[in-house]
Amino acid sequence: MLDRRYLKNNKEDVSTRLKTRGEIPNLEDFWALEQKYGELLLQVEGLKARRNKVSAQVAVMKRNNEDANKLISDMQLVGEQIKALEVDLNQKEAEAQQYLLNIPNIPHASVPVGKNEFDNPEVRRWGILRAFDFPPKSHVEIGEGLGILDFERAAKISGARFCLYKRQGAQLERALINFMLDLHTRQHGYCEVLPPFMVNPQSLIATGQLPKFAEELFKMADDNYYLIPTAEVPVTNIHRDEILEEEQLPLSYVAYTPCFRREAGSYGKDTRGIIRQHQFNKVELVKFSRPEDSYTQLEILLHDAEMVLQHLEIPYRIITLCTGDLGFSAAKTYDIEAWIPSQQRYREISSCSNFEDFQARRAAIRYRPKGGKGKPVLVHTLNGSGLAVGRTVVAILENFQQADGSVIIPAALRQYMGGMEKIG
RNA sequence: GGAGAGGUGGCUGAGUGGUCGAAGGCGCUCGCCUGCUAAGCGAGUAUGGGGCCCAAAGCCCUAUCGAGGGUUCAAAUCCCUCCCUCUCCGCCA
């Protein structure tokens with residue numbers, strides 16, 4: 001959510017910067033709404049001030065056994081006026097709130113202007129693409145060949161976009177989760193948390209999935225809970241409605257969770273394999289920082305995520321999402337894309353974003369400047385995948401496949417696989 | 001699921017219609033004092049919104065005692081609904 005006052009006072013600036021996202025915001029309506037709201041608020045508060053004052057007088061008179069009936073009947077009228085105005089006021093307030101909740105974040109000045117994913121500039125590449133002396137197979141072929149990925153039975157159990165991992169496949173997934181958690185906690189200083197996988201609507205509003213993207217979420221039919229689409233939701237909400245101490249910042253959390261997404265609107269995309277699933281595992285990094293540090297923290301976050309791929313010896317590249325490709329809540333996003341040999345292209349395996357105070361404002365996450373003096377200030381929130389586990393399995397199977405259909409296990413992972421060096 | 005108890009400021013804890021944004025204690029901040037530490041003394045110490053102001057400081061108004069509604073001139077206090085926590089029973093990994 002954007003700052004209401006900033007939005008009110010900088011219509012032109014906000015409007016031009018939002019347009020780079022491809023949004024055409026109608027700020028005039030909002031402005032008119034705010035104007036009306038302000039007037040009503042002034043009226044209502046004026047009347048309340050009067051009533052409070054008179055009520056105090058009534059109290060005094062009653063104590064002195066004086067007759068206060070005149071004042072009381074006057075205030076009855078004032079009470080009715082207040083009630084009538086408040087109906088209008090509350091409606092304006094709700095409208096303004098709805099409006100604000102549906103406006104995306106403003107891109108950071110360093111974000112390249114562009115229309116869509118084809119305008120995302122590459123930042124850097126890492127690793128050497130392996131030269132295959134045989135046609136590389138897709139992870140589906142490899143996984144089914146080895147009997148470690150079973151899509152048919154998953155479809156029977158659940159449906160499309162699910163996968164049953166078996167034997168070394170299941171073990172590999174588990175090994176990766178542990179490897180990533182250990183790396184981030186032991187070497188990068190993150191605090192490990194294991195949050196709930198179901199959350200209430202408030203949490204989803206705070207991080208920006210609601211109200212706008214309800215169709216992407218799995219919702220419980222009989223309870224007011226949603227399955228999390230990412231650990232970002234429960235972990236960012238750890239500090240919802242809290243005032244942190246400046247000394248605590250930056251706070252860094254790492255969490256493993258499964259993620260659940262309806263993938264509405266992506267019919268036909270990545271239908272085969274485990275690239276795009278309704279349920280997938282992810283190790284997520286979340287940071288809370290002072291505003292002045294958040295872009296430094298974004299670089300650190302990106303580095304921490306990259307290190308996973310470097311340890312696993314998987315080639316990747318970093319891109320900056322352009323204004324037109326930026327997610328709703330993000331001010332700036334780097335994607336890490338791993339090399340997928342069967343597709344001869346890089347595919348997203350991590351997304352690292354700075355949300356600035358966009359989520360913090362929705363979630364009321366603030367910190368008190370040092371010394372206990374001064375007003376609480378909104379923190380900046382950041383998060384990034386570190387990494388998407390299923391897609392890491394894809395990258396390993398494909399990049400480390402052998403001509404005979406077997407797969408070498410990256411050295412860094414072997415201690416997590418009971419010393420196993422090869423699958424198949 | 002059944003029965004009961006309870007949700008008040010950073011914490012603890014009082015408050016059953018007006019003098020309560022809220023006693024007391026703890027903590028914290030600043031100042032004083034003490035050779036150091038401890039103790040002691042004094043002052044201050046919630047958050048959102050709005051207004052005055054170029055801005056800051058400050059002042060004023062308003063809201064907030066789990067959430068939302070209601071009664072009343074007036075609600076932490078009375079009524080209704082919901083949420084959460086705790087205890088016991090049942091069930092269960």
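Lettering follows sequence order; numbering is per chain, from 1. None of these values were measured; they are calculated from a predicted model.
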Say we look at [N] and [M]: how far apart would their [atom1] atoms be, to the nearest angstrom?
N      : M      : atom1 : value
G13(B) : G25(B) : P     : 16 Å
U64(B) : G7(B)  : C1'   : 16 Å
A56(B) : U81(B) : C1'   : 46 Å
C11(B) : A63(B) : P     : 24 Å
A22(B) : A46(B) : P     : 10 Å
G66(B) : G9(B)  : P     : 8 Å
C28(B) : G10(B) : C1'   : 9 Å
A76(B) : G90(B) : P     : 42 Å

Considering all heavy atoms of both residues, which atom of Val254(A) and which atom of Tyr190(A) are nearest to each other, and what is their separation?
CG1-CB, 3.6 Å
Given RNA chain B, 5'-ward residue of the pair Arg51(A) and Lys62(A), judged by closest heavy atom:
Lys62(A)
Which residue, Tyr225(A) or Arg50(A), contacts RNA chain B at a nucleotide closer to its 5' end, judged by nearest heavy atom?
Arg50(A)
Nearest-Å distance for atom pair [atom1]/[atom2], residues [X] and [N]:
X         : N      : atom1 : atom2 : value
Asp241(A) : C84(B) : CG    : C1'   : 14 Å
Leu40(A)  : A63(B) : CG    : P     : 16 Å
Leu47(A)  : C73(B) : CG    : P     : 16 Å
Asn90(A)  : G68(B) : CG    : P     : 11 Å
Gln248(A) : G10(B) : CD    : P     : 14 Å
Met61(A)  : C73(B) : CE    : P     : 15 Å

At under 4.0 Å between heavy atoms, how does the protein contact nucleotides 45-54 of chain B? Give one character per nucleotide, 5' to 3', with B, S or -.
-SSSBS----
I need the residues from residues 71-88 of chain A with at least one non-hydrogen atom less than 4.0 Å from RNA chain B; give them sorted by number, or say none.
Ile72(A), Met75(A), Gln76(A), Lys83(A)
Does anything in residues 91-101 of chain A reach RNA chain B, meaning a heavy atom under 4.0 Å, and if so which residues?
none
Taking C-beta and beyond as the side chain, do Pro195(A) and Ile238(A) meet within less than 4.5 Å on heavy atoms?
no
Any side-chain heavy atom of Met220(A) within less than 4.5 Å of one from Leu227(A)?
yes
Inspect the contact between Glu263(A) and Arg161(A) and indicate whether a charged nitrogen and a carboxylate oxygen are less than 4.0 angstrom apart.
no
Flag the pair Asp182(A) and Arg186(A) as a salt bridge only when some basic side-chain nitrogen lies within less than 4.0 angstrom of an acidic carboxylate oxygen.
yes
Which residues pass the ring-ring contact (aromatic ring centres under 6.0 Å, His included) test with [X], not counting sequence neighbours?
X         : answer
Phe355(A) : none
Phe30(A)  : Tyr99(A)
Phe218(A) : His278(A)

For the residue pair His188(A) and His184(A), categorise the inter-ring angle as parallel (less than 30°), tilted (30 to 60°) or perpendicular (more than 60°).
tilted
With side chain to side chain donor-acceptor pair (under 3.5 Å) as the rule and sequence neighbours excluded, what pairs involving residues 198-222 of chain A come up?
Asn200(A)-Ser203(A), Ser203(A)-Arg240(A), Thr207(A)-Gln209(A)
Just jot down the side chain to side chain contact (heavy atoms under 4.5 Å, CB included) partners of Ala59(A), sequence neighbours excluded, or say none.
Arg63(A)
Stems of at least 3 consecutive Watson-Crick or G-U wobble pairs (donor-acceptor distances under 3.5 Å) involving RNA chain B, listed by first number, are B:1-7 with B:83-89, B:10-12 with B:24-26, B:27-32 with B:40-45, B:46-52 with B:58-64, B:66-70 with B:78-82
Whether Asn52(A) contacts A63(B) is assessed here as follows: a side-chain N or O lying under 4.0 Å from the phosphate OP1 or OP2. Is that the case?
yes
Here the ring-ring contact (aromatic ring centres under 6.0 Å, His included) pairs for residues 51-76 of chain A, sequence neighbours left out, are none
Looking for any heavy atom pair under 4.0 Å, which part of the strands does Val54(A) touch: base, sugar-phosphate only, or nothing?
nothing
Quick one: which residue pairs count as a salt bridge (Lys or Arg N to Asp or Glu O under 4.0 Å) with a foot in residues 144-153 of chain A, not counting sequence neighbours?
Asp150(A)-Arg153(A), Asp150(A)-Lys166(A)
Determine all donor-acceptor pairs shorter than 3.5 Å in which one atom belongs to a side chain in residues 78-88 of chain A; sequence neighbours excluded.
| unit_1 | atom_1 | unit_2 | atom_2 | d |
| --- | --- | --- | --- | --- |
| Glu86(A) | OE2 | Lys48(A) | NZ | 2.8 |
| Asp88(A) | OD1 | Lys92(A) | NZ | 3.4 |

Cation-pi geometry met for Arg414(A) and Phe400(A) (6.0 Å, 45°)
no
